[in-house]
Amino acid sequence: VAGAWYYLTPKYSRVGYQPIQPVAFSHATHAGQLGIDCRYCHNAVERSWYSNIPASSTCMNCHKQVLKDDPRLALVRESAQTGQPIPWVQVHRVPDFVYFNHSVHVDRGISCVECHGPVNKMEQIYHYQPLSMTFCLDCHRRPELKLRPLDKITDLNWRPESAETQREFGLKAMKQWKVESLQNCSACHR
């Protein structure tokens, strides 16, 4: 009972996990207020299994002019000058025995918001969903309910007109994009 209790708690699923980061980066400001597309910083997400953390040089593209002397960005400036990466603390993680490919999901109409939550409204990023086997299988069983137009993947405020239009679009997209409702073990456990 104690073991089952532990595995069903947010501590195990990491929901709500919000580590202190070396630089207070606000997704609410960057993705929300400024409307910066997720792919500007996480530029490998459409072609790689992982979603990269941007290099400080990406930050400095803007911050050479915007808030260029702000003391909160000292570590970012130092990292860009020395080439030493900022020691970010990873927030979203699946167990080592799980294979997850970001590009397969993003290129087939699954938005960042489905797993990471309303990032554009988060002052500091936190673990939004459990990313458990149940969570993944719920989507894999009915992917038509989560698919969205490819040009809306990083529009975190986008909502379908209705549940019925979502279902109709999703079924059509599944056929057009060859989305498979994979539920066999080897899809995620390799």
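FYI, the numbering just counts along the sequence from 1.
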With sequence neighbours left out, write down each residue that passes salt bridge (Lys or Arg N to Asp or Glu O under 4.0 Å) with Arg141, or none if nothing qualifies. Asp138
Which residues pass the salt bridge (Lys or Arg N to Asp or Glu O under 4.0 Å) test with Glu180, sequence neighbours left out? none
Quick check on side-chain hydrogen bond (donor to acceptor under 3.5 Å, both in side chains): which of Thr58, Asp37, Asn52 does Asn43 satisfy it with? Asn52
Report yes or no: do [X] and [Y] belong to one cluster of Ile/Leu/Val/Met/Phe/Trp/Tyr joined by side chain heavy-atom distances under 4.5 Å?
X: Leu156; Y: Val45; value: no
X: Ile36; Y: Ile153; value: no
X: Val179; Y: Ile110; value: yes
X: Phe97; Y: Phe135; value: yes
X: Val104; Y: Tyr99; value: no

Atom [atom1] of [X] and atom [atom2] of [Y]: how far apart are they, to the nearest 0.5 Å?
X: Arg47; Y: Asn101; atom1: CZ; atom2: CG; result: 13.0 Å
X: Ser57; Y: Lys64; atom1: OG; atom2: NZ; result: 8.5 Å
X: Asp155; Y: Ser111; atom1: CG; atom2: OG; result: 8.0 Å
X: Gln84; Y: Ser79; atom1: CD; atom2: OG; result: 7.5 Å
X: Ile125; Y: Gln90; atom1: CD1; atom2: CD; result: 12.5 Å
X: Asn120; Y: Cys112; atom1: CG; atom2: SG; result: 10.0 Å

Identify the heavy atoms of Ala80 and Ser56 that sit nearest to each other, and give their distance. N-OG, 3.7 Å
Please name the pair of heavy atoms, one in Arg148 and one in Glu114, separated by the smallest distance, quoted to 0.1 Å. NH2-OE2, 4.3 Å
Which side-chain N or O atoms in residues 164-176 pair as donor and acceptor under 3.5 Å with protein atoms at least two apart or in another chain?
residue	atom	partner	partner atom	Å
Thr165	OG1	Ser162	N	3.0
Thr165	OG1	Ser162	O	2.9
Thr165	OG1	Ser162	OG	3.3
Gln166	NE2	Glu144	O	2.9
Gln166	NE2	Leu147	O	2.6

With a cut-off of 6.0 Å (strictly less than), are more than 12 heavy atoms of other residues, nucleotides or ligands near CH2 of Trp49? no
Going by side-chain heavy atoms closer than 4.5 Å, which hydrophobic residues are tied to Phe25, directly or by a chain of links? Val23, Ile53, Met60, Val66, Leu67, Leu73, Leu75, Val76, Ile86, Trp88
In sequence, state the C-alpha distance, the side-chain angles, and the governing distance for Cys115 and Leu131, and then conclude on side-chain contact (heavy atoms from CB on, under 4.5 Å). CA-CA 7 Å; Cys115 300; Leu131 304 184; 4.0 Å; yes
Could you tell me whether the side chain of [Y] reaches within less than 4.5 Å of the side chain of [X], counting heavy atoms only?
X: Tyr128; Y: His116; answer: no
X: Ser103; Y: Ser48; answer: no
X: Lys146; Y: His140; answer: no

Mind running side-chain contact (heavy atoms from CB on, under 4.5 Å) on Lys121 and Asn157 for me, showing each step along the way? CA-CA 10 Å; Lys121 295 179 176 127; Asn157 292 316; 3.3 Å; yes
Applied to residues 15-30, the side chain to side chain donor-acceptor pair (under 3.5 Å) test, sequence neighbours excluded, yields Ser26-Thr29, Ser26-Glu123
I'd like to know if the side chain of His92 pairs up with that of His127 as donor and acceptor (distance under 3.5 Å, no hydrogens or angles considered). no
Just checking, is any N or O donor in the side chain of Tyr40 or Asn61 under 3.5 Å from an acceptor N or O on the other one? yes
Polar side-chain atom of Arg14 near backbone of Val91 as donor-acceptor pair, under 3.5 Å: yes
With Phe100, which residues qualify under ring pair (Phe, Tyr, Trp, His ring centres under 6.0 Å), at least two apart? His102, His105
